[in-house]
Amino acid sequence: PALVPWMMSKNRRFKENREKVARLNQDRMQAAAALTLPILEKLDLTVISEYEHEDGFMGEPGVSYLLRTDQGSLLYDIGFGAQGKTFSNNTARLGLTMEDVDGLAISHLHADHMGGLKAQRKGQVSLPPEFGAAGGKPCTLPGEAQAEGFDVRIAEGPEILEGGIASTGPLARSMYFFGLTEEQALVAHLKGKGLFVLTGCGHPTIETVIRMVRRLSDEPIYAIGGGLHFPVTEGRGNYGGFQIQMILGTGKPWWERVTDEDLTDTIEAIRAEKPKRVLLSAHDTCDHALRRISQEVDAEVEILKAGATYVL
(Lines give C-alpha, C1' and ligand atoms only; values in the text may rest on other atoms or scores of the structure.)
Protein backbone atom coordinates (compact mmCIF):
# COMPACT_ATOMS: atom_id res chain seq x y z
CA PRO A 1 0.00 0.00 0.00
CA ALA A 2 2.84 2.41 0.73
CA LEU A 3 3.94 2.15 -2.92
CA VAL A 4 0.55 3.09 -4.36
CA PRO A 5 0.87 6.90 -3.95
CA TRP A 6 4.43 6.75 -5.31
CA MET A 7 3.35 4.74 -8.37
CA MET A 8 0.39 7.04 -8.99
CA SER A 9 2.75 10.02 -8.88
CA LYS A 10 5.16 8.30 -11.27
CA ASN A 11 2.34 7.46 -13.67
CA ARG A 12 1.09 11.04 -13.65
CA ARG A 13 4.54 12.54 -14.17
CA PHE A 14 5.33 10.06 -16.96
CA LYS A 15 2.17 11.04 -18.85
CA GLU A 16 2.79 14.74 -18.30
CA ASN A 17 6.35 14.39 -19.55
CA ARG A 18 5.18 12.55 -22.67
CA GLU A 19 3.02 15.52 -23.58
CA LYS A 20 5.82 17.94 -22.71
CA VAL A 21 8.34 15.99 -24.82
CA ALA A 22 6.09 16.11 -27.87
CA ARG A 23 5.82 19.89 -27.55
CA LEU A 24 9.52 20.38 -26.80
CA ASN A 25 10.79 18.38 -29.74
CA GLN A 26 8.27 19.91 -32.12
CA ASP A 27 9.20 23.43 -31.04
CA ARG A 28 12.91 22.66 -31.37
CA MET A 29 12.48 21.31 -34.87
CA GLN A 30 10.45 24.29 -35.95
CA ALA A 31 13.10 26.62 -34.55
CA ALA A 32 15.99 24.73 -36.15
CA ALA A 33 17.48 26.22 -39.31
CA ALA A 34 19.86 24.74 -41.83
CA LEU A 35 23.43 24.51 -40.53
CA THR A 36 26.41 25.15 -42.75
CA LEU A 37 28.12 21.89 -41.92
CA PRO A 38 31.86 21.87 -42.64
CA ILE A 39 32.70 19.45 -45.42
CA LEU A 40 35.10 16.94 -43.91
CA GLU A 41 37.83 15.35 -46.00
CA LYS A 42 38.11 12.45 -43.54
CA LEU A 43 36.50 11.10 -40.38
CA ASP A 44 37.70 8.15 -38.29
CA LEU A 45 35.72 6.75 -35.36
CA THR A 46 37.81 4.98 -32.72
CA VAL A 47 35.77 3.01 -30.19
CA ILE A 48 37.07 3.39 -26.64
CA SER A 49 34.19 1.77 -24.73
CA GLU A 50 31.56 -0.63 -26.06
CA TYR A 51 29.85 -3.88 -25.12
CA GLU A 52 31.65 -5.81 -27.87
CA HIS A 53 35.41 -5.53 -28.02
CA GLU A 54 38.52 -6.58 -29.90
CA ASP A 55 41.00 -9.04 -28.37
CA GLY A 56 43.03 -7.41 -25.63
CA PHE A 57 40.44 -4.73 -24.95
CA MET A 58 37.76 -4.60 -22.27
CA GLY A 59 34.01 -4.28 -22.88
CA GLU A 60 31.21 -2.73 -20.84
CA PRO A 61 27.54 -1.78 -21.36
CA GLY A 62 28.50 1.84 -22.00
CA VAL A 63 30.00 3.80 -24.87
CA SER A 64 32.81 6.20 -25.67
CA TYR A 65 33.85 7.20 -29.17
CA LEU A 66 36.71 9.40 -30.38
CA LEU A 67 35.97 11.06 -33.70
CA ARG A 68 38.97 12.45 -35.58
CA THR A 69 38.60 14.57 -38.69
CA ASP A 70 40.83 16.78 -40.80
CA GLN A 71 39.48 19.67 -38.68
CA GLY A 72 40.15 18.28 -35.20
CA SER A 73 38.81 15.72 -32.75
CA LEU A 74 35.78 15.22 -30.53
CA LEU A 75 35.34 12.70 -27.71
CA TYR A 76 31.71 11.59 -27.57
CA ASP A 77 30.77 10.08 -24.19
CA ILE A 78 33.11 8.39 -21.72
CA GLY A 79 31.28 5.16 -20.83
CA PHE A 80 31.58 4.35 -17.12
CA GLY A 81 34.72 6.49 -17.04
CA ALA A 82 36.40 6.61 -13.66
CA GLN A 83 33.99 4.06 -12.13
CA GLY A 84 35.46 1.09 -13.97
CA LYS A 85 38.63 -0.05 -15.70
CA THR A 86 37.41 -0.18 -19.29
CA PHE A 87 38.06 3.43 -20.30
CA SER A 88 41.52 3.54 -18.69
CA ASN A 89 42.57 0.12 -20.02
CA ASN A 90 41.40 0.80 -23.56
CA THR A 91 42.77 4.34 -23.87
CA ALA A 92 46.14 3.09 -22.60
CA ARG A 93 46.19 0.29 -25.19
CA LEU A 94 45.18 2.75 -27.90
CA GLY A 95 47.81 5.26 -26.76
CA LEU A 96 45.19 7.97 -26.22
CA THR A 97 45.22 10.80 -23.68
CA MET A 98 43.48 14.14 -23.31
CA GLU A 99 46.15 15.53 -25.64
CA ASP A 100 44.32 13.74 -28.46
CA VAL A 101 41.01 15.44 -27.64
CA ASP A 102 39.96 18.93 -28.77
CA GLY A 103 36.56 18.78 -27.10
CA LEU A 104 34.15 16.52 -25.23
CA ALA A 105 30.43 16.06 -25.85
CA ILE A 106 28.19 13.97 -23.60
CA SER A 107 25.14 12.53 -25.33
CA HIS A 108 23.04 12.36 -22.14
CA LEU A 109 23.50 12.37 -18.41
CA HIS A 110 23.27 8.66 -17.65
CA ALA A 111 25.89 6.56 -15.85
CA ASP A 112 26.99 4.59 -18.91
CA HIS A 113 27.83 7.77 -20.83
CA MET A 114 29.10 10.31 -18.27
CA GLY A 115 31.39 8.23 -16.06
CA GLY A 116 29.43 5.96 -13.73
CA LEU A 117 26.63 5.85 -11.18
CA LYS A 118 28.36 8.22 -8.75
CA ALA A 119 28.92 10.67 -11.59
CA GLN A 120 25.23 10.53 -12.51
CA ARG A 121 24.10 11.05 -8.91
CA LYS A 122 26.46 13.99 -8.41
CA GLY A 123 25.83 15.49 -11.85
CA GLN A 124 29.59 15.45 -12.44
CA VAL A 125 31.24 14.07 -15.60
CA SER A 126 33.98 11.78 -14.29
CA LEU A 127 37.05 10.87 -16.36
CA PRO A 128 39.90 8.79 -14.93
CA PRO A 129 42.70 11.14 -13.79
CA GLU A 130 45.31 9.12 -15.67
CA PHE A 131 43.68 10.18 -18.95
CA GLY A 132 45.01 13.69 -18.33
CA ALA A 133 43.80 17.10 -17.26
CA ALA A 134 41.06 18.78 -19.27
CA GLY A 135 42.97 22.04 -19.44
CA GLY A 136 39.90 24.18 -20.05
CA LYS A 137 38.87 22.35 -23.22
CA PRO A 138 35.18 22.64 -24.17
CA CYS A 139 32.64 20.13 -22.84
CA THR A 140 29.18 20.32 -24.39
CA LEU A 141 26.37 18.86 -22.29
CA PRO A 142 22.65 18.34 -23.04
CA GLY A 143 21.66 19.55 -19.57
CA GLU A 144 22.96 20.98 -16.31
CA ALA A 145 26.01 19.16 -14.93
CA GLN A 146 29.63 19.80 -14.03
CA ALA A 147 32.86 18.67 -15.67
CA GLU A 148 35.97 19.51 -13.66
CA GLY A 149 38.65 21.33 -15.61
CA PHE A 150 36.50 21.77 -18.72
CA ASP A 151 34.85 24.85 -20.17
CA VAL A 152 31.29 23.56 -19.68
CA ARG A 153 28.71 24.57 -22.26
CA ILE A 154 25.03 23.61 -22.17
CA ALA A 155 23.63 22.83 -25.61
CA GLU A 156 20.63 25.01 -26.40
CA GLY A 157 20.12 23.81 -29.95
CA PRO A 158 22.00 22.61 -33.03
CA GLU A 159 25.58 23.92 -33.25
CA ILE A 160 28.99 23.13 -34.69
CA LEU A 161 31.36 21.49 -32.21
CA GLU A 162 35.03 20.61 -32.35
CA GLY A 163 36.32 18.70 -35.36
CA GLY A 164 33.70 20.29 -37.60
CA ILE A 165 31.09 17.93 -36.14
CA ALA A 166 27.63 19.25 -35.27
CA SER A 167 25.31 18.54 -32.37
CA THR A 168 21.61 18.18 -33.04
CA GLY A 169 21.03 19.95 -29.75
CA PRO A 170 19.06 18.20 -27.02
CA LEU A 171 16.10 16.04 -28.01
CA ALA A 172 13.80 14.78 -25.28
CA ARG A 173 12.20 11.50 -24.25
CA SER A 174 9.93 10.71 -21.31
CA MET A 175 11.16 7.78 -19.23
CA TYR A 176 9.21 6.19 -16.43
CA PHE A 177 11.98 6.09 -13.81
CA PHE A 178 14.48 8.60 -15.21
CA GLY A 179 11.92 11.30 -15.98
CA LEU A 180 12.40 13.71 -18.87
CA THR A 181 15.73 12.82 -20.49
CA GLU A 182 17.64 15.02 -22.94
CA GLU A 183 20.05 13.55 -25.47
CA GLN A 184 22.13 15.15 -28.20
CA ALA A 185 23.23 13.25 -31.30
CA LEU A 186 26.06 14.17 -33.66
CA VAL A 187 26.04 14.80 -37.39
CA ALA A 188 28.95 15.31 -39.80
CA HIS A 189 29.15 16.04 -43.52
CA LEU A 190 31.60 13.74 -45.33
CA LYS A 191 32.92 15.01 -48.64
CA GLY A 192 31.44 13.17 -51.61
CA LYS A 193 29.39 10.84 -49.38
CA GLY A 194 26.81 12.64 -47.30
CA LEU A 195 25.96 12.75 -43.62
CA PHE A 196 27.10 10.58 -40.74
CA VAL A 197 24.63 10.49 -37.84
CA LEU A 198 25.84 9.16 -34.47
CA THR A 199 23.76 8.59 -31.34
CA GLY A 200 24.64 7.73 -27.73
CA CYS A 201 21.68 5.58 -26.61
CA GLY A 202 19.16 6.81 -29.14
CA HIS A 203 16.62 7.48 -26.39
CA PRO A 204 14.73 10.13 -28.39
CA THR A 205 14.44 7.40 -31.11
CA ILE A 206 16.38 7.43 -34.36
CA GLU A 207 13.20 8.59 -36.09
CA THR A 208 13.23 11.81 -34.04
CA VAL A 209 16.97 12.28 -34.54
CA ILE A 210 16.58 11.90 -38.32
CA ARG A 211 13.75 14.43 -38.34
CA MET A 212 16.05 16.97 -36.68
CA VAL A 213 18.93 16.12 -39.01
CA ARG A 214 16.62 16.76 -41.95
CA ARG A 215 16.00 20.28 -40.55
CA LEU A 216 19.75 20.88 -40.51
CA SER A 217 20.74 19.51 -43.93
CA ASP A 218 19.23 18.06 -47.07
CA GLU A 219 22.36 16.02 -47.85
CA PRO A 220 21.75 12.25 -48.09
CA ILE A 221 22.52 10.19 -45.00
CA TYR A 222 25.56 8.06 -45.79
CA ALA A 223 25.91 6.33 -42.41
CA ILE A 224 24.03 5.89 -39.13
CA GLY A 225 25.83 4.75 -36.00
CA GLY A 226 25.56 4.31 -32.25
CA GLY A 227 22.88 3.09 -29.88
CA LEU A 228 19.24 2.46 -30.76
CA HIS A 229 18.13 1.05 -27.38
CA PHE A 230 16.37 -2.16 -28.40
CA PRO A 231 16.59 -4.70 -25.55
CA VAL A 232 13.84 -6.80 -27.13
CA THR A 233 14.82 -10.26 -25.79
CA GLU A 234 17.42 -9.31 -23.18
CA GLY A 235 19.31 -6.40 -21.68
CA ARG A 236 23.02 -5.77 -21.13
CA GLY A 237 24.78 -5.38 -17.81
CA ASN A 238 22.18 -7.34 -15.85
CA TYR A 239 22.55 -7.77 -12.10
CA GLY A 240 21.28 -10.86 -10.29
CA GLY A 241 19.14 -11.77 -13.28
CA PHE A 242 17.44 -8.38 -13.17
CA GLN A 243 16.91 -7.16 -16.76
CA ILE A 244 17.60 -3.50 -16.10
CA GLN A 245 17.58 -2.25 -19.68
CA MET A 246 14.27 -3.97 -20.46
CA ILE A 247 12.62 -1.98 -17.67
CA LEU A 248 14.59 1.26 -17.41
CA GLY A 249 15.11 3.79 -20.15
CA THR A 250 12.73 2.40 -22.77
CA GLY A 251 10.31 5.31 -22.91
CA LYS A 252 7.50 2.96 -21.93
CA PRO A 253 5.79 2.25 -18.59
CA TRP A 254 7.72 -0.35 -16.57
CA TRP A 255 5.11 -3.02 -17.22
CA GLU A 256 5.43 -2.71 -21.04
CA ARG A 257 8.35 -4.00 -23.09
CA VAL A 258 10.08 -2.94 -26.28
CA THR A 259 8.72 -5.24 -28.99
CA ASP A 260 9.61 -6.58 -32.40
CA GLU A 261 6.88 -4.32 -33.78
CA ASP A 262 8.73 -1.30 -32.36
CA LEU A 263 11.93 -2.58 -33.94
CA THR A 264 10.19 -3.00 -37.31
CA ASP A 265 9.18 0.68 -37.26
CA THR A 266 12.77 1.72 -36.60
CA ILE A 267 14.13 -0.58 -39.30
CA GLU A 268 11.70 0.98 -41.78
CA ALA A 269 12.84 4.47 -40.76
CA ILE A 270 16.48 3.53 -41.34
CA ARG A 271 15.71 1.82 -44.65
CA ALA A 272 13.84 4.92 -45.84
CA GLU A 273 17.09 6.93 -45.61
CA LYS A 274 19.00 4.34 -47.68
CA PRO A 275 22.30 4.63 -45.78
CA LYS A 276 25.33 2.90 -47.22
CA ARG A 277 26.67 1.98 -43.76
CA VAL A 278 25.15 1.23 -40.35
CA LEU A 279 27.46 0.98 -37.33
CA LEU A 280 25.50 -0.55 -34.46
CA SER A 281 26.18 -0.34 -30.75
CA ALA A 282 25.52 -3.53 -28.80
CA HIS A 283 25.62 -1.77 -25.44
CA ASP A 284 21.85 -1.20 -25.37
CA THR A 285 20.57 -3.45 -28.15
CA CYS A 286 20.17 -7.23 -27.87
CA ASP A 287 21.64 -9.78 -30.28
CA HIS A 288 18.19 -10.55 -31.69
CA ALA A 289 17.66 -6.91 -32.64
CA LEU A 290 21.18 -6.60 -34.04
CA ARG A 291 20.59 -9.65 -36.26
CA ARG A 292 17.28 -8.31 -37.52
CA ILE A 293 18.78 -4.94 -38.42
CA SER A 294 21.75 -6.61 -40.12
CA GLN A 295 19.45 -8.84 -42.18
CA GLU A 296 16.73 -6.31 -43.02
CA VAL A 297 18.65 -3.10 -43.77
CA ASP A 298 20.22 -2.99 -47.22
CA ALA A 299 23.54 -1.53 -46.12
CA GLU A 300 26.97 -2.53 -44.87
CA VAL A 301 26.10 -3.27 -41.23
CA GLU A 302 28.85 -3.59 -38.59
CA ILE A 303 28.78 -4.06 -34.83
CA LEU A 304 31.02 -1.51 -33.12
CA LYS A 305 33.85 -3.00 -31.05
CA ALA A 306 36.04 -1.37 -28.43
CA GLY A 307 39.59 -1.05 -29.72
CA ALA A 308 38.56 -0.83 -33.37
CA THR A 309 38.76 2.20 -35.67
CA TYR A 310 36.18 2.71 -38.42
CA VAL A 311 37.07 4.88 -41.40
CA LEU A 312 34.02 6.74 -42.65
Side-chain angles (χ1 to χ4, degrees), residues 1-26 28-29 51 61-63 107-113 117 120 142-143 170-185 199-212 224 226-272 278 280-297:
L3 290 175
V4 172
W6 180 77
M7 293 297 293
M8 291 179 65
S9 174
K10 280 287 186 184
N11 289 344
R12 182 173 64 253
R13 181 61 60 86
F14 177 69
K15 291 177 182 178
E16 290 172 353
N17 279 342
R18 273 189 162 179
E19 295 173 1
K20 184 177 181 180
V21 161
R23 294 193 303 271
L24 267 177
N25 287 343
Q26 184 62 35
R28 288 165 174 170
M29 298 210 190
Y51 187 76
V63 303
S107 63
H108 60 297
L109 302 175
H110 286 176
D112 52 337
H113 297 263
L117 290 169
Q120 181 176 334
L171 294 167
R173 184 80 180 270
S174 175
M175 298 187 187
Y176 193 87
F177 290 106
F178 292 144
L180 194 152
T181 298
E182 302 275 22
E183 181 175 338
Q184 60 179 336
T199 66
C201 261
H203 285 306
T205 73
I206 195 65
E207 294 92 326
T208 299
V209 171
I210 289 172
R211 283 172 55 210
M212 176 58 88
I224 294 171
L228 297 177
H229 213 283
F230 272 97
V232 179
T233 61
E234 63 177 340
R236 310 297 195 188
N238 300 315
Y239 297 95
F242 184 57
Q243 294 279 348
I244 296 174
Q245 288 186 347
M246 295 182 73
I247 299 172
L248 304 181
T250 65
K252 293 190 174 192
W254 65 267
W255 57 87
E256 294 184 16
R257 296 290 179 266
V258 176
T259 67
D260 262 313
E261 288 73 21
D262 298 322
L263 179 57
T264 295
D265 292 340
T266 289
I267 289 172
E268 289 302 319
I270 294 172
R271 290 176 63 181
V278 177
L280 296 173
S281 171
H283 93 282
D284 63 0
T285 297
C286 67
D287 293 341
H288 165 77
L290 294 174
R291 281 194 298 271
R292 276 201 60 193
I293 297 169
S294 299
Q295 294 167 359
E296 298 177 34
V297 174

Check whether any side-chain heavy atom of Tyr51 sits under 4.5 Å from a side-chain heavy atom of Thr285, and report yes or no.
no
Quick one, His110 and Thr181 - any side-chain contact, counting heavy atoms below 4.5 Å?
yes
I need the single residue from Lys20, Arg12, Glu19 that forms a side chain to side chain contact (heavy atoms under 4.5 Å, CB included) with Glu16. Which is it?
Arg12
Exactly one candidate in Cys201, Pro142, Pro170 meets side chain to side chain contact (heavy atoms under 4.5 Å, CB included) with Glu183; the answer is Cys201
For the student: nearest non-hydrogen atoms of Glu207 and Thr266, plus distance
OE2-OG1, 3.1 Å
Contact check, side chains of Ile224 and Val209, non-hydrogen atoms, under 4.5 Å
no
For the residue pair Thr205 and Leu171, establish whether any side-chain heavy-atom pair is separated by less than 4.5 Å.
no
Do Asp284 and Asp112 come close enough that some side-chain heavy atom pair is under 4.5 Å?
no
Sub-4.5 Å side-chain heavy-atom contact between Leu180 and Arg13
no
Closest non-hydrogen atom pair between Cys286 and Glu234, with its separation:
CB-O, 3.5 Å
Compare all side-chain heavy atoms of Met246 with those of Thr250 and state whether any distance is below 4.5 angstrom.
no
Below 4.5 Å, heavy atoms only, C-beta onward: do Arg211 and Gln26 meet side chain to side chain?
yes
Considering all heavy atoms of both residues, which atom of Ser107 and which atom of Gly200 are nearest to each other, and what is their separation?
OG-CA, 3.7 Å
Which distance, rounded to the nearest 0.5 Å, do you find between the CG of Asn238 and the CD of Gln245?
7.0 Å
Residue pairs passing the side-chain hydrogen bond (donor to acceptor under 3.5 Å, both in side chains) test where at least one lies in residues 251-265, sequence neighbours excluded
Lys252-Asp262, Thr259-Glu261, Thr259-Asp262, Asp260-His288, Asp260-Arg292, Thr264-Arg292
Quick one: closest heavy-atom pair of Leu280 and Ser294, and the distance?
CD1-OG, 4.5 Å
Rounded to the nearest 0.5 Å, the CD1 atom of Ile267 sits from the CD1 atom of Ile206 at a distance of 13.0 Å
Parallel, tilted or perpendicular for His113 and His108, by the 30°/60° rule?
tilted
Within the side chain of Gln243, is there an N or O that forms a donor-acceptor pair under 3.5 Å with the backbone of Gly235?
yes
For Pro231 and Val258, the nearest pair of non-hydrogen atoms, with its separation, is CD-CG2, 4.5 Å
Met175 side, atom CE; His229 side, atom NE2 - distance, nearest 0.5 Å
6.5 Å
CZ-CG distance between Arg28 and Leu24, expressed to the nearest 0.5 angstrom
4.5 Å
Does atom CE of Met7 have more than 12 heavy-atom neighbours, drawn from other residues, nucleotides or ligands, at distances under 6.0 Å?
yes
Looking only at heavy atoms, the pair that brings Leu248 and Phe177 closest together is CD2-CD1, 3.2 Å
Donor-acceptor pair, distance only, cut-off 3.5 Å: does the side chain of Arg236 make one with the backbone of Ala282?
yes
